[in-house]
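What you see is a predicted model; the values in this text were computed from it and never measured. Note on naming: letters A, B, ... go to the chains in the order of the sequence lines (proteins, then strands), and numbering restarts at 1 for each one.
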Amino acid sequence: MSEETEDEVKKDFIREIIDADLASGKHSEIVTRFPPEPNGYLHIGHAKSICLNFGLSKEYSPARCHLRFDDTNPSKEETEYVESIQEDVRWLGFDWGKNLFFASDYFDQLHGFAVQLIESGHAYVDSLSAEEIRTYRGTLTEPGKPSPHRDRSVEENLDLFARMAKGEFAEGEHVLRAKIDMASPNMNMRDPTLYRIRKESHHRTGNKWCVYPMYDFTHGLSDMLEGVTHSLCTLEFEHHRPLYEWFLKVLKTPCQPRQIEFARLGLTYTVMSKRFLLKLVESGKVNGWDDPRMPTISGIRRRGYTAEAIRRFCHRIGLTKYPGMTDISLLEFSVREHLNEVAPRVMGVLKPLKVVITNYPEDGEEMVDAVNHPGDPEAGKRPVPFSRELYIEQNDFMEDPPRKFFRLGPGREVRFRYAYYVTCQEVIKDDHGTVTELRCTYDPESRGGKSADGRKVKGTIHWVSAKHAVPATVRLIDRLFTVEDPHAADGELEDQLNPDAIEELMDCQLEPSLRGQKVGYQCQFERLGYFCIDPDTTEDGLVINRTIGLRDSWAKQAGKR
RNA sequence: UACCCCGUAGUGUAAUGGUAACACUACUGAUUUUGAUUCAGUCAUUCAAGGUUCGAGUCCUUGCGGGGUAGCCA
């Protein structure tokens, strides 16, 4: 039972670069950063980046990883997101220590850099409309052409930029652009916008600024200001690297962080787009960012995934520049693996079928010992009440069972886990022919689930004593989408949503040890899966999420018929 | 159609010029008081074609295929 799985010496390309930089003496300390924009909740894709950046800061020494909010767009960013992001990173098991930063903390310095660029003739104020700028930029196959304002004097640029900052102009009237190369094959080098006018209140700087820096200008310089050595980002920023380096070069900055790109996480049956997730939340298709169906860190956590499982997953997916699609079964394996190690076992019946043990004393009851964890004797045992009336799972009984069905059927004997051998004597149905109750007998000699005469029973099923049972609502969570790659499917993403991604069972019956357990408590319901107590739980009733089902080779075999 | 990046089992990653390895998935089988867990096994000559070399998944060339890029988003 390993904590954090074995770490082989296999190094990914980024760690190789870092090793080389250390070996060559280029760096003696490793500094990374995780730079989210606070415009939404973090998702499993971010976990990859978090595990990478913060993981590096744990593996190397000296090293540190900064948490820096990339908050340069006041119209999309909110404090709620800043808080949720911090909570999620901490929950994943990482700590930024004192290194909590905001790009907005650098607005003054950034503004100074912009002025420097103007003074050195590397930036100018453009007064074209957004539409015109787009036209002038050219296309992927044709070069752009210079704006008529490209050659304004330094003095005029300085004056205009100062007045932009003071709020003398309306949004869109002017922008500050870098003066690079309108014919570059790299669109990012065709005089990218550095500053735009936004007369909006910023979540941290309030109304201090009327101009806000763009990502490209902000990011690399923020890295530089913080002494970041390796700035790790996803593949779509590859074309931005020349620009990232251009700023550092032109401004002759004392330190030169290196941007390295890796492939973002692609996961089957999942969509990572924050924009789309926000839409799900706002349209009410899910109940908030932490809905257990969501691929957000908070949703996954609420569903019962463990941070350890996510870390193991992030370790297993590797790190390359190949933009692949990871099978979600690898994530599911990682949770099962971890929960199998740590989750105590209990019994709970999701879809109850009443069983009466006719040869058991009317008011009799007794306690049987149940093992808390079969793989861990240290976990001990607990007493579970057994009595004349019990519940079993509806699908553990078949009136006309197929050959390989090991469970209960008319005249069949099975083991009630940790209790007795039980034989079905009579099937009671209602007017519609639905089975409503089973009348059974038990073998008093088989207490504990062992027969005195050594006869074998193939099936073992779980059960709960009716009068001791704790009622609960259980939510079965399934994949959010019906197709492997929702982006590749025809139609809107919404059309690919799995309508059965959540199924609520209102009549579940659990063994009494569940009574009084706290929100967040995780356990395995034997034979069913791993479960977690949901925050919707009240004094009146438990609400429980199924994190993930157990592997089920019977269901698989039955499904093939 | 311009530029950049990427092509190794179904999937994700190893192999750093010397016999293609690991994990997941799937399928067999064994054990099992969870049809779970555990254990054992099966599944690829590395996109293609040329070239360099005693030797190429690895280096070179040319194709082919996939992804990214034309926000005053990040």
- Determine, answering yes or no, if A/W554 is stacked on B/G35 under the 5.5 Å centre rule and the 30° plane rule. yes

- Query: Which base, if any, makes a Watson-Crick or G-U wobble pair with B/A14, both distances under 3.5 Å?
  - Reply: none

- Message: Can you identify which nucleotide, out of B/A14, B/G35, B/C73, has its nearest atom closest to the A/E37 side chain?
- Response: B/C73

- Which base sits across from B/C39 as a Watson-Crick or G-U pair, both distances under 3.5 Å? B/G29

- Task: Assign the ring pair A/W463 / A/F386 to parallel, tilted or perpendicular, where the plane angle (0 to 90°) is split at 30° and 60°.
- Result: perpendicular

- Message: Just so I know, are the side chains of A/Y195 and A/W209 near enough to count as touching, which here means a heavy-atom distance under 4.5 Å?
- Response: no

- A/R134 side-chain N/O to B/C72 phosphate OP1/OP2 under 4.0 Å: no

- Query: Partner of B/U58 by Watson-Crick or G-U wobble geometry, both contacts under 3.5 Å, or none?
  - Reply: none

- Check whether any side-chain nitrogen or oxygen of A/T320 sits under 4.0 Å from OP1 or OP2 of B/C6, and answer yes or no. no

- Message: Between A/K556 and B/A26, is there a contact of a side-chain N or O with OP1 or OP2 at under 4.0 Å?
- Response: yes

- Message: Under 3.5 Å for both donor-acceptor distances, Watson-Crick or wobble: does B/A9 have a partner, and if so which one?
- Response: none

- Task: Go through B/C73, B/G35, B/G12 for me and flag the one nearest to the A/I317 side chain.
- Result: B/G12

- For the ring pair A/F161 and A/H111, is the centre-to-centre distance below 6.0 Å? yes

- Item | Of the listed nucleotides B/A14, B/U69, B/U37, the one nearest the side chain of A/N340 | B/U37

- Task: Can you check whether any acceptor in the base of B/G35 is under 3.5 Å from a donor in the side chain of A/R407, or vice versa?
- Result: yes

- Is there ring stacking between A/Y322 and B/G7, where the centres must be under 5.5 angstrom apart and the planes under 30 degrees? no

- Task: Compute whether any side-chain donor of one residue and acceptor of the other, for A/Y244 and A/D223, lie under 3.5 angstrom apart.
- Result: yes

